[in-house]
Amino acid sequence: MNITIRTPPDFNFKRTAASHGWSELLPFRIDDKWSKLSRVLDVGANRKPVSVEITGAKGGLRVSVEGELPPAAVEKVRRDVRHMLRLDDPLGVFYAEMAKEPAFAWVARAGAGRLLRAPTVFEDLVKTVCTTNCSWSLTKTMVSRLVVNLGRPARGGGHSFPTAATLAEAPLSFFREEMRSGYRAPYFKELAGRVASGELDVEGWLTSELPTPELKRAMKQVKGVGDYAAENLLKLVGRYDVLALDSWVRSTYARLHNQGRAAADKKIARHYARFREWRGLALWCDMTKDWIKE
DNA sequence: GCGTCCAGGTCTACC
DNA sequence: GGTAGACCTGGACGC
């Protein structure tokens with residue numbers, strides 16, 4: 001069956017699907033042209049997960065699912081797709097700010113700035129820890145092993161992202177010997193236990209009223225989450241007054257704005273400071289401008 | 001084939 | 001509060 005989802009006028013499917021590396025991490029998949037985003041979604045504890053294919057259509061999205069789904073499951077798919085592709089994020093003020101500067105005016109024209117995210121903060125959190133202190137290829141390998149081994153098989157192929165409860169039940173040896181996550185293994189085990197027991201409400205970060213520095217402090221209470229990981233997560237919950245500097249951003253900044261020489265973090269911060277609460281998003285758009293030709 | 005470096009960093013101990 | 005050293009893994013690179 002096909003589900004149609006209306007999108008805002010400034011929405012750009014390709015820019016969103018390819019906004020950062022998440023589309024390459026299971027249970028997401030992206031085609032070579034960045035025109036079809038696939039994803040396995042949970043549609044209820046008593047139903048098999050479903051594999052959906054999302055493509056851009058005029059004025060909206062087409063979400064294809066194998067077979068038919070009951071109304072409640074259709075509603076869950078709609079909700080997840082809207083959340084993942086940030087369809088309800090208010091970016092009008094951001095685009096107005098970007099349009100004021102010639103070097104950033106393309107952002108509003110292109111409809112860039114929607115950062116793809118998972119249906120749950122828990123998944124984004126686990127994946128973010130998988131990006132730290134390793135190559136991108138190792139990140140993909142660790143996430144794939146986690147999803148394939150612990151995720152539920154889906155109708156239409158693939159596996160869902162495992163829940164915190166599933167991770168909590170897995171032995172520490174799984175994270176070490178199967179996932180091969182190295183020193184991160186006890187971090188995942190501890191995090192999953194805290195989330196599954198209800199001690200830690202990471203989904204609440206989406207609607208938290210804490211000021212960003214306090215929310216960042218709360219995020220850093222999770223083992224394996226430092227400055228970069230917390231700031232990356234902040235962007236994924238809609239806070240852009242942080243930069244999330246990592247080695248890739250630093251080297252890209254050096255190439256684009258510093259004649260190939262390494263720049264101090266303070267210099268990078270100064271470069272984007274004028275964008276205030278949008279500086280993190282302005283930086284990311286700047287770094288990824290050439291990923292897609294206008 | 002082997003050793004070294006380092007990648008989309010973080011933690012701990014120590015000062 | 002700032003910093004050195006340790007930490008898993010695996011791909012790239014030099015020899």
Side-chain angles (χ1 to χ4, degrees), chain A residues 17-26 28 30 112 115-118 121 123-149 167 170-192 194 200 202 213-237 239-240 242-258 260-266 268-269 271-272 279-291:
Chain A
S19 54
H20 62 132
W22 256 215
S23 57
E24 297 177 24
L25 298 179
L26 291 181
F28 281 112
I30 187 85
L115 304 180
L116 184 70
R117 63 184 172 190
V121 176
E123 180 181 329
D124 282 334
L125 173 52
V126 169
K127 286 177 169 174
T128 297
V129 173
C130 285
T131 67
T132 58
N133 196 27
C134 65
S135 61
W136 179 243
S137 66
L138 183 56
T139 299
K140 290 199 280 188
T141 303
M142 286 190 285
V143 171
S144 296
R145 288 173 181 150
L146 182 64
V147 170
V148 169
N149 284 291
L167 262 68
L172 182 60
S173 58
F174 166 79
F175 300 97
R176 282 200 196 284
E177 292 154 28
E178 305 295 325
M179 186 182 174
R180 301 195 66 74
S181 61
Y183 68 90
R184 304 168 193 81
Y187 301 168
F188 292 131
K189 181 75 180 159
E190 180 184 314
L191 168 65
R194 292 177 66 197
L200 178 63
V202 296
E214 285 182 41
L215 184 54
K216 180 178 168 183
R217 249 193 302 283
M219 290 173 167
K220 286 178 71 174
Q221 294 302 305
V222 174
K223 284 270 184 66
V225 176
D227 283 327
Y228 157 73
E231 293 186 4
N232 187 56
L233 279 167
L234 282 164
K235 289 183 178 181
L236 295 180
V237 300
R239 312 259 191 148
Y240 304 110
V242 291
L243 297 179
L245 299 179
D246 57 20
S247 57
W248 183 82
V249 168
R250 290 185 181 102
S251 68
T252 303
Y253 182 90
R255 176 172 60 82
L256 296 177
H257 299 300
N258 211 41
R261 296 192 306 272
D265 289 356
K266 283 182 181 172
I268 302 176
H271 188 95
Y272 298 98
R279 57 189 182 269
L281 198 50
L283 172 144
W284 188 254
C285 290
D286 195 27
M287 297 294 100
T288 58
K289 179 184 179 183
D290 61 3
W291 282 10

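Lettering follows sequence order; numbering is per chain, from 1. Atom set for the values below is all heavy atoms of this structure, side chains included, hydrogens, waters and symmetry mates excluded.
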- Dot-bracket notation for DNA chain C is requested: 5' to 3', Watson-Crick or G-U wobble pairs only, both distances under 3.5 Å, with ( ), [ ], | and . as defined. |||||||.|||||||
- Query: Nucleotide range of DNA chain C contacted by chain A, 5' to 3', under 4.0 Å to a heavy atom?
  - Reply: C:dC7 to C:dG11
- Decide yes or no on side chain to side chain contact (heavy atoms under 4.5 Å, CB included) for A:I268 and A:N258, but give the supporting numbers first. CA-CA 10 Å; A:I268 302 176; A:N258 211 41; over 6 Å; no
- A:M142 and A:F188: side chain to side chain contact (heavy atoms under 4.5 Å, CB included), yes or no, with the steps? CA-CA 12 Å; A:M142 286 190 285; A:F188 292 131; 5.6 Å; no
- Task: Sequence neighbours left out, what passes ring pair (Phe, Tyr, Trp, His ring centres under 6.0 Å) with A:Y240? Give chain and number order.
- Result: A:W278
- Message: Please enumerate all residues that pass ring pair (Phe, Tyr, Trp, His ring centres under 6.0 Å) together with A:W248, with sequence neighbours excluded.
- Response: A:W284, A:W291
- Would a 4.5 Å heavy-atom cut-off, applied to side chains only, mark A:R176 and A:P186 as touching? yes
Table of protein N/O atoms under 3.5 Å from nucleotides 2-4 of chain B N/O atoms:
none

- Message: Students often mix this up, so state it plainly: with edges at 30° and 60°, are the rings of A:H257 and A:H271 parallel, tilted or perpendicular?
- Response: tilted
- Message: Please report the distance, rounded to the nearest Å, between CG in A:L25 and P in B:dG8.
- Response: 13 Å
- C:dG5 and B:dC5, which share atom name P, separated by this distance in whole Å: 15 Å
- Message: For the P atoms, the ones on C:dG11 and on B:dT10, what distance do you get once it is rounded to whole angstrom?
- Response: 23 Å
- Task: Not counting sequence neighbours, which residues clear side-chain hydrogen bond (donor to acceptor under 3.5 Å, both in side chains) with A:R250? List them please.
- Result: A:D265
Could you go through residues 230-237 of chain A and list every donor-acceptor pair under 3.5 Å that involves a side-chain atom there, pairing it with any protein atom two or more places apart or in another chain?
{"from": "A:E231", "atom 1": "OE1", "to": "A:L243", "atom 2": "N", "distance (Å)": "3.4"}
{"from": "A:E231", "atom 1": "OE1", "to": "A:A244", "atom 2": "N", "distance (Å)": "2.7"}
{"from": "A:E231", "atom 1": "OE2", "to": "A:K216", "atom 2": "NZ", "distance (Å)": "2.6"}
{"from": "A:N232", "atom 1": "ND2", "to": "A:T128", "atom 2": "OG1", "distance (Å)": "3.2"}
{"from": "A:K235", "atom 1": "NZ", "to": "A:L243", "atom 2": "O", "distance (Å)": "3.1"}
{"from": "A:K235", "atom 1": "NZ", "to": "A:G280", "atom 2": "O", "distance (Å)": "3.1"}

- Message: My understanding is that only residues two or more places apart in sequence, or in another chain, count here; which of them pass side-chain contact (heavy atoms from CB on, under 4.5 Å) with A:S144?
- Response: A:L26
- Query: For A:Y228, which residues count as a ring pair (Phe, Tyr, Trp, His ring centres under 6.0 Å) partner, sequence neighbours excluded?
  - Reply: none
- Note on the structure: Taken in chain and number order and not counting sequence neighbours, the residues that satisfy side-chain hydrogen bond (donor to acceptor under 3.5 Å, both in side chains) with A:R117 are A:H83
- Could you list the residues that satisfy ring pair (Phe, Tyr, Trp, His ring centres under 6.0 Å) with A:H20, not counting sequence neighbours? A:W22
- Item | pair A:L256-A:M287: side-chain heavy atoms closer than 4.5 Å | yes
- Nucleotide by nucleotide, 5' to 3', does protein get under 4.0 Å of the base (B), only the sugar-phosphate (S), or neither (-) in nucleotides 9-15 of chain B, counting heavy atoms? BSSS---
- Whole-angstrom distance between B:dG8 and C:dA6, as gauged at atom P: 23 Å
- To the nearest Å, give me how far apart CG (A:D124) and C1' (B:dG8) are. 15 Å
